[in-house]
Amino acid sequence: MSEVRTRIAPSPTGDPHVGTAYIALFNLCYARQHGGKFILRIEDTDQVRSNQKSEDDILAALSWLGMNWDEGPDKGGDFGPYRQSERSDIYKTHVEKLLDEGHAFHCFCSSERLSELRKQQMTEKKPLGYDGHCLNLSDSDRADKLQQNIPPVIRMKVPETGSCVVKDMLRDDVTIDWQQIDMQVLMKSDGLPTYHLANVVDDHLMQITHVIRGEEWINSAPKHLLLYQYFGWEPPVLCHMPLLRNADKSKLSKRKNPASVGYYQRMGYLPEAVCNFLGMMGWSMPDEQEMFSLEEMISNFDINRVSLGGPVFDAEKLDWLNGRYLREALSDDEFIQRFSQWAFQPDMLQAIVPLIKQRVERFSDIAPLAAFFFSGMPTIDEQSFEHKQLKHEDAKKILQFIAWRIEGLDAWHRDRIETALMLLAESMGIKIRDFLFPLFIAIAGSSVSTSVIDSIAVLGLDITRARLRHAIAILGGVSKKQLKNLEKEYAALEQKSGQS
RNA sequence: GUCCCCUUCGUCUAGAGGCCUAGGACACCUGGUUUUCAUCCAGGCAACAGGGGUUCGAAACCCCUAGGGGACGCCA
């Protein structure tokens, strides 16, 4: 048996997600336990959504958590490059091979035709998928289309009958009919591969032996297995982990839970506590010990002890665990050191000082003024929102709309936030001063404070969102019915102001 | 709509046919320690989704039902 090699393959399209860290943790433990290697690969084949900042953040988040990889874009290795955008040629030659051997074909269908097709299949209650329109194009047809400059995609062929058996380390064989499997696009019209192709090619070339990934992939496993077969490669062992859940059991999402690793860092959690907590999701130490280090987890790790029910990410239990680390695992000196590192991060201070400098006369004025940058949630109650122009319902609506508005921002810069909020206030027909009032309360806990727009720019999206959610809850929360109405009203506003 | 996966206290879990009157932890409640609070300590509340089998014996194995979740993109 060759060396065990596992990988985490995040796509750099946003804040580093705790779900990514969760899967990374189990891959890391499995590899280390078997004396193998853990690889980090960046799956940035989505040109539109991938960006460098996100990649940097993901690497930083995993490093912060102490999940060290052996090979990756930052440290190289024998199987690089480790960034898919730098491997285009590799995918091209592989897709050529599939084409030559008749396992794949060019498809010229427009997205309009495809969405029409989907609609029709929906009404006919048939399984959704490509209908094979371009499956049997003649060489001349194809030449014609290419001549007309219609950019093709390349799809994989799929057996029409029979079924595929997916073996999984954690569950019984999963049997899926080939009829359920779509003729997946392997190569997009921009010439870059889709996940399915890139993933299979890279896992093989990087000699990955065990693919431990989220349960969401189980349905596409047959596509991957089929590709391995087409290429004549031996597939890795598959293992599908349960998905982390929100309190309502839906897949963990940023809308309902702070889901970025950065949030927990900013809120003052210790990385070892977060790591420990993730290790308790779907897994437990053989003796049920609750507090354990990454090393302890690795030496006691057994993938077969993973339970398959999707665990709810319970922030309260994380708080308790983190408290224990703070109290029990750190000496006073370590505590001082770790706290200082957290509180006096140069980036953070550089952003905050210009905001407070003009408002202080003594250093002793700083703490009360800047406290809200460091505290978890401002201490506020319903009374805090008393205002001569705005009723509580108005405040609630404003906060909810702001939450939605900043959610859609493609970049987190002061000016972008300002513009967005100004436009929103205008479209709601509310004076800026009144409009901003509930935001001040929600973010800073007081209307006497540093510029609220600068402040949320410093605090970041996750913390801002958490505070907005908190404030809305204090104002009585939003019922399902209210939410529906608000959504409608908000959509109308967006339409009116022509915003996207 | 089609397919797939899952199901033990509110939550994280232990459980590999008899050790189960189902254990631990978070949360919650009660009491103790503490000038207060927190910590800490002691105690309490609370679950095998339902129905059929298999078996001397089922939380565990099988089947059905129900519930939950996921997938169905030129996203990953």
Side-chain angles (χ1 to χ4, degrees), chain A residues 9-14 17 19-20 42-50 84 107-111 114-115 118-130 151-155 163-164 166 168 170-182 184-199 213-223 240-252 276-291 304-321 323-324 326-328:
Chain A
S11 106
T13 54
H17 199 274
T20 306
I42 294 295
E43 308 227 324
D44 55 348
T45 55
D46 184 338
Q47 284 190 106
V48 182
R49 296 196 309 151
S50 297
Q84 289 185 332
C107 168
F108 297 88
C109 294
S110 65
S111 50
L114 260 20
S115 66
R118 207 165 296 134
K119 230 190 287 172
Q120 193 185 330
Q121 287 168 334
M122 203 73 114
T123 55
E124 287 175 21
K125 307 183 178 183
K126 287 212 258 203
L128 273 36
Y130 186 63
V153 302
I154 295 164
R155 289 179 184 273
S163 55
C164 177
V166 180
D168 187 289
L170 296 177
R171 58 200 97 216
D172 295 336
D173 290 356
V174 177
T175 307
I176 297 174
D177 289 344
W178 285 117
Q179 290 194 345
Q180 289 295 326
I181 306 301
D182 197 10
Q184 181 63 47
V185 171
L186 298 177
M187 188 76 90
K188 300 178 271 190
S189 56
D190 65 3
L192 289 180
T194 58
Y195 167 88
H196 305 279
L197 202 231
N199 195 260
R213 50 161 36 162
E215 202 177 17
E216 62 211 302
W217 293 110
I218 233 174
N219 287 288
S220 40
K223 289 171 192 171
H240 294 95
M241 295 286 296
L243 260 19
L244 261 24
R245 311 290 184 92
N246 298 309
D248 66 1
K249 303 274 188 183
S250 57
K251 177 162 96 164
L252 188 65
N276 185 161
F277 183 67
L278 289 174
M280 290 164 58
M281 302 278 94
W283 190 80
S284 60
M285 289 284 271
D287 62 354
E288 286 200 84
Q289 176 187 332
E290 304 228 59
M291 200 169 164
N304 294 117
R305 299 195 73 244
V306 168
S307 56
L308 297 175
V312 172
F313 190 92
D314 179 10
E316 267 183 346
K317 190 151 187 176
L318 172 58
D319 288 345
W320 162 80
L321 226 207
R324 277 192 67 181
L326 253 19
R327 269 177 258 122
E328 299 171 23

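Order of the sequence lines sets the chain letters (A, B, ...), proteins ahead of strands, with each chain counted from 1.
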Please determine whether salt bridge (charged side-chain N to carboxylate O under 4.0 Å, His left out) holds for the pair A:R324 and A:E290, giving the CA-CA distance in whole Å, both sets of side-chain angles, and the decisive distance to 0.1 Å. CA-CA 11 Å; A:R324 277 192 67 181; A:E290 304 228 59; over 6 Å; no
Tell me whether the count of non-hydrogen atoms from other residues, nucleotides or ligands lying under 6.0 Å of CG in A:D172 goes above 12. no
Walking RNA chain B from its 5' end, the first of A:R245 and A:L318 to be reached, judged by nearest nucleotide, is A:L318
Within the modelled atom types, does a donor on one side and an acceptor on the other bring the side chain of A:T194 and the base of B:C74 under 3.5 Å apart? no
Selected nucleotide, minimal atom distance to A:S250 side chain, candidates B:G70, B:A76, B:U2: B:G70
Kindly point out which of B:C74, B:U2, B:G69 is positioned nearest to the side chain of A:V153? B:C74
Rounded to whole angstrom units, what separation is found between the CZ atom of A:R213 and the C1' atom of B:A76? 11 Å
Please classify the nucleic acid contact of A:M281 as base, sugar-phosphate, or nothing, using heavy-atom distances under 4.0 Å. sugar-phosphate
Watson-Crick or G-U wobble mate for B:G67, both contacts under 3.5 Å: B:C6
If you check the A:K249 side chain, which of B:C4, B:G24, B:G68 turns out closest? B:G68
If you assign A:F277 and A:E215 each to the RNA chain B nucleotide with the nearest heavy atom, which residue ends up on the more 5' nucleotide? A:E215
Check: B:C75 base within 3.5 Å donor-acceptor of A:R49 side chain: yes
Taking B:C26, B:C72, B:C3 as options, the one with an atom nearest any side-chain atom of A:W320 is B:C26
Taking B:G50 as the reference, what is the distance to B:G68 when you measure between their C1' atoms (whole Å, please)? 15 Å
Would you measure the distance from the P atom in B:C41 across to the matching atom in B:A47 and give it in whole Å? 26 Å
Please report the distance, rounded to the nearest Å, between CD1 in A:I176 and P in B:A71. 13 Å
Base, sugar-phosphate alone, or nothing: which one does A:S189 contact when heavy atoms must sit under 4.0 Å apart? base
If pairing means Watson-Crick or G-U wobble with both distances under 3.5 Å, then the partner of B:C48 is none
Could you state the interatomic distance from OG (A:S50) to CG (A:L192), rounded to the nearest 0.5 Å? 9.5 Å
With hydrogens left out and only the distance checked, is there a donor-acceptor pair under 3.5 Å joining A:K317's side chain and the base of B:A25? yes
Measure from the side chain of A:E316, starting at C-beta and using heavy atoms only, and say which of B:C5, B:G73, B:C26 lies closest. B:C26
Check every atom of B:C6, B:U13, B:C3 against the side chain of A:N219 and return the nucleotide holding the closest atom. B:C3
Counting only Watson-Crick or G-U wobble pairs whose two distances fall under 3.5 Å, which nucleotide matches B:A16? none
Which part of the nucleic acid, if any, lies within contact of A:L321, taking any heavy atom under 4.0 Å across all strands shown: a base, the sugar-phosphate backbone alone, or nothing? nothing
Please evaluate residues A:T45 and A:K188 with respect to the criterion side-chain contact (heavy atoms from CB on, under 4.5 Å), reporting the C-alpha separation (whole Å), side-chain torsions for both, the decisive distance (0.1 Å), and the verdict. CA-CA 10 Å; A:T45 55; A:K188 300 178 271 190; 4.2 Å; yes
Should B:G31 form a Watson-Crick or G-U wobble pair with both distances under 3.5 Å, which nucleotide is its partner? B:C41
Please determine whether any donor N or O and acceptor N or O are separated by less than 3.5 Å between the side chain of A:E288 and the base of B:G23. yes
When all nucleic acid strands are considered with a 4.0 Å heavy-atom cut-off, which category describes A:S111: base, sugar-phosphate, or nothing? nothing
